[in-house]
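Single-structure report; data block below.
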Amino acid sequence: MRALFILLWRNNFTLLFLFVESFCFYLLVQNNDFQNASMLNASNAMVGKTMEGVNYVKEYIHLKDNNIALAEENARLRNSLKEATYQNDTLTNIIRDTINRQQYSYITAKVINNSVNRRNNYLTLDKGSLQGIKPEMGVICSDGIVGIVKQVSPHFCTVMSLLHKDTRLSAKIKRNDFFGSLIWEGGSPFFASLKEIDKTVPVQKGDTINTTAFSSIFPAGIMIGRVTHSRVAAGSNFHDIEINLSTQFQKLSHVYVIDNILKDEQRTLEVNNTGDDH
């Protein structure tokens with residue numbers, strides 16, 4: 001207390017000046033309409049800027065929750081898309097159901113580990129068997145294909161990335177429906193190759209490459225990328241096509257795991273047909 005008293009005594013003239021200055025400023029503002037209005041406008045502007053800053057901080061703090069909510073909403077929308085259904089044309093009077101029957105469901109997940117600079121790249125997601133994840137489910141993001149689920153634990157799963165030497169997808173040129181196999185030959189995480197497209201097929205730079213309906217893992221029409229370069233090597237019967245992948249693997253955060261409800265039925269039928277080849 002004594003130190004405070006000494007401090008005030010040493011600065012009494014300065015404090016007295018500030019007090020008188022403030023009081024004069026108060027009288028000036030209170031007794032003059034112009035100064036009063038100017039002061040009010042300045043204070044309102046200052047309060048507005050302060051509130052704007054506070055709201056910005058609040059939005060940043062809740063950004064994670066907003067992203068999760070947005071991802072869940074997108075999953076619900078994907079579940080309602082036509083691509084997530086199949087046509088049921090054998091309706092009878094007993095079946096009172098819609099023509100479009102659900103075939104694909106989507107589960108939101110967050111990427112908690114990811115690699116892009118190896119020959120065999122994997123991702124880890126924060127969802128597992130307790131959330132309905134199973135091996136060989138497809139994984140996509142809002143931009144395109146991500147990979148295929150490999151290992152599953154109760155709370156997590158690993159995904160074989162599209163950037164893996166063993167990943168092989170059925171893909172087609174959207175413009176003309178000719179299909180081949182998409183593989184990643186290593187190197188850049190931005191490019192892959194489309195193989196087995198006959199040299200007589202017209203291929204143009206900028207052609208969109210999508211998934212086909214031949215896979216039991218991915219629905220047809222999922223974006224894969226665009227053609228950046230195409231050539232036919234001497235003596236070859238097929239194009240060598242370079243694809244710029246639409247998925248930015250270095251920025252992956254939220255993804256969707258695809259459950260094909262009819263996958264087991266389709267695969268059982270296809271396995272039974274393989275006996276006809278022997």
Side-chain angles (χ1 to χ4, degrees), residues 83 104 114-123 135-151 158-252 255-258 260 263 266-267 269-271 273-274 276-278:
E83 289 79 4
Y104 298 96
N114 186 17
S115 66
V116 298
N117 55 3
R118 303 172 184 172
R119 185 62 183 97
N120 298 319
N121 293 287
Y122 287 89
L123 303 92
E136 298 190 15
M137 284 185 172
V139 181
I140 64 174
C141 66
S142 57
D143 294 325
I145 297 293
V146 173
I148 301 171
V149 175
K150 296 300 291 183
Q151 303 292 331
T158 58
V159 177
M160 185 173 72
S161 172
L162 180 61
L163 309 179
H164 190 291
K165 69 179 181 65
D166 293 332
T167 300
R168 197 177 189 91
L169 298 180
S170 177
K172 70 176 182 178
I173 303 172
K174 181 180 179 180
R175 180 172 54 84
N176 53 32
D177 285 336
F178 282 95
F179 65 91
S181 295
L182 186 96
I183 62 174
W184 186 63
E185 298 180 300
S188 173
F190 302 105
F191 299 96
S193 299
L194 182 59
K195 304 292 186 181
E196 302 169 7
I197 300 292
D198 192 271
K199 65 180 181 180
T200 61
V201 174
V203 179
Q204 300 176 3
K205 181 178 179 180
D207 275 344
T208 298
I209 307 301
N210 289 343
T211 55
T212 69
F214 305 146
S215 170
S216 61
I217 297 177
F218 295 102
I222 301 295
M223 180 74 166
I224 297 176
R226 297 186 185 277
V227 174
T228 57
H229 176 74
S230 176
R231 70 183 185 91
V232 178
S236 175
N237 292 322
F238 300 98
H239 284 279
D240 184 10
I241 304 174
E242 181 186 72
I243 306 299
N244 183 13
L245 297 172
S246 58
T247 299
Q248 300 183 50
F249 287 88
Q250 293 174 313
K251 297 174 61 176
L252 284 176
V255 297
Y256 305 96
V257 183
I258 305 174
N260 181 359
K263 180 174 65 176
Q266 177 182 344
R267 288 195 170 181
L269 189 64
E270 292 172 347
V271 168
N273 286 339
T274 57
D276 298 337
D277 298 332
H278 300 287

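Throughout, residue positions are numbered sequentially from 1 according to the sequence presented. All values reported here derive from a predicted model rather than from experimental measurement.
In this structure, the side chain of Thr211 engages the main chain of Pro219 through a donor-acceptor pair within 3.5 Å. Formation of a donor-acceptor pair under 3.5 Å by the Ser170 side chain with backbone atoms of Thr212 is not found in this model. Between the Thr247 side chain and the Asp143 main chain, no donor and acceptor come within less than 3.5 Å of each other. With hydrogens and angles ignored, the 3.5 Å screen pairs no side-chain donor or acceptor of His239 with any backbone N or O of Val203. In this structure a side-chain-to-backbone donor-acceptor pair under 3.5 Å is missing from Arg118 to Leu163.
Between Asp207 and Pro202, the shortest heavy-atom contact is OD2-O, 4.4 Å. Between Ser246 and Gly144, the closest heavy-atom pair is OG-CA, 3.9 Å. Contact detail for Phe249 and Val146: the closest heavy-atom pair is CE2-O, 3.4 Å. Closest approach of Ala171 to Ile224, counting heavy atoms only: CB-CD1, 3.7 Å. Looking at every heavy atom in both residues, Arg226 comes nearest to Thr208 through NH1-OG1, 2.6 Å. Nearest heavy-atom pair, Ser161 versus Thr167, reported as atom, atom and distance to 0.1 Å: O-OG1, 2.8 Å.
The distance from the CZ atom of Phe191 to the NE2 atom of His229 is 11.5 Å, given to the nearest 0.5 Å. Atom CD1 of Ile197 sits about 11.5 Å away from atom CG of Asp240, to the nearest 0.5 Å. For the atom pair Ser230 OG and Lys199 NZ, the distance stands at 13.0 Å (nearest 0.5 Å). Ser216 contributes atom OG, which lies 7.5 Å from atom CD of Glu136 (distance to the nearest 0.5 angstrom). Summarising the geometry, atom CD1 belonging to Ile222 is positioned 10.5 Å from atom OG belonging to Ser215; distances are rounded to the nearest 0.5 Å.
Side-chain contact between Phe238 and Val232 is absent, with no heavy-atom pair separated by less than 4.5 Å. Residues Lys172 and Lys174 fail the side-chain proximity criterion, which asks for heavy atoms closer than 4.5 Å. Contact check for Leu252 versus Cys141: side-chain heavy atoms found under the 4.5 Å cut-off. Looking only at side-chain heavy atoms (C-beta outward), Leu162 and Leu182 come within less than 4.5 Å of each other. Between Ile217 and Ile148 the shortest side-chain heavy-atom distance falls below 4.5 Å.
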*Ile173 and Phe179: CA distance, side-chain angles, deciding distance, side-chain contact (heavy atoms from CB on, under 4.5 Å) verdict*: CA-CA 6 Å; Ile173 303 172; Phe179 65 91; over 6 Å; no
_Working for side-chain contact (heavy atoms from CB on, under 4.5 Å), residues Asn120 and His164_ = CA-CA 4 Å; Asn120 298 319; His164 190 291; 3.3 Å; yes
*Evaluate the side-chain hydrogen bond (donor to acceptor under 3.5 Å, both in side chains) criterion for residues Ser115 and Asn121: first the C-alpha distance (whole Å), next the side-chain angles of each, then the deciding distance (0.1 Å), finally the verdict.*
CA-CA 5 Å; Ser115 66; Asn121 293 287; 3.1 Å; yes
_Chi angles and distances behind the salt bridge (charged side-chain N to carboxylate O under 4.0 Å, His left out) call for Glu185, Lys195_ = CA-CA 11 Å; Glu185 298 180 300; Lys195 304 292 186 181; 3.5 Å; yes
*asked:* One pair to check against side-chain contact (heavy atoms from CB on, under 4.5 Å): Val149 and Thr158. What are the steps and the verdict?
replied: CA-CA 6 Å; Val149 175; Thr158 58; over 6 Å; no
*Evaluate the side-chain contact (heavy atoms from CB on, under 4.5 Å) criterion for residues Trp184 and Arg119: first the C-alpha distance (whole Å), next the side-chain angles of each, then the deciding distance (0.1 Å), finally the verdict.*
CA-CA 9 Å; Trp184 186 63; Arg119 185 62 183 97; 3.5 Å; yes
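Shown are Ile243, Leu245, Asn244, Leu169; of these, the side chain to side chain contact (heavy atoms under 4.5 Å, CB included) with Ile209 is made only by Ile243.
Inspection of the Glu242 and Thr228 side chains reveals an N or O donor paired with an N or O acceptor under 3.5 Å.
Using a 4.0 Å cut-off between charged nitrogen and carboxylate oxygen, Glu196 and Arg168 count as a salt-bridge pair.
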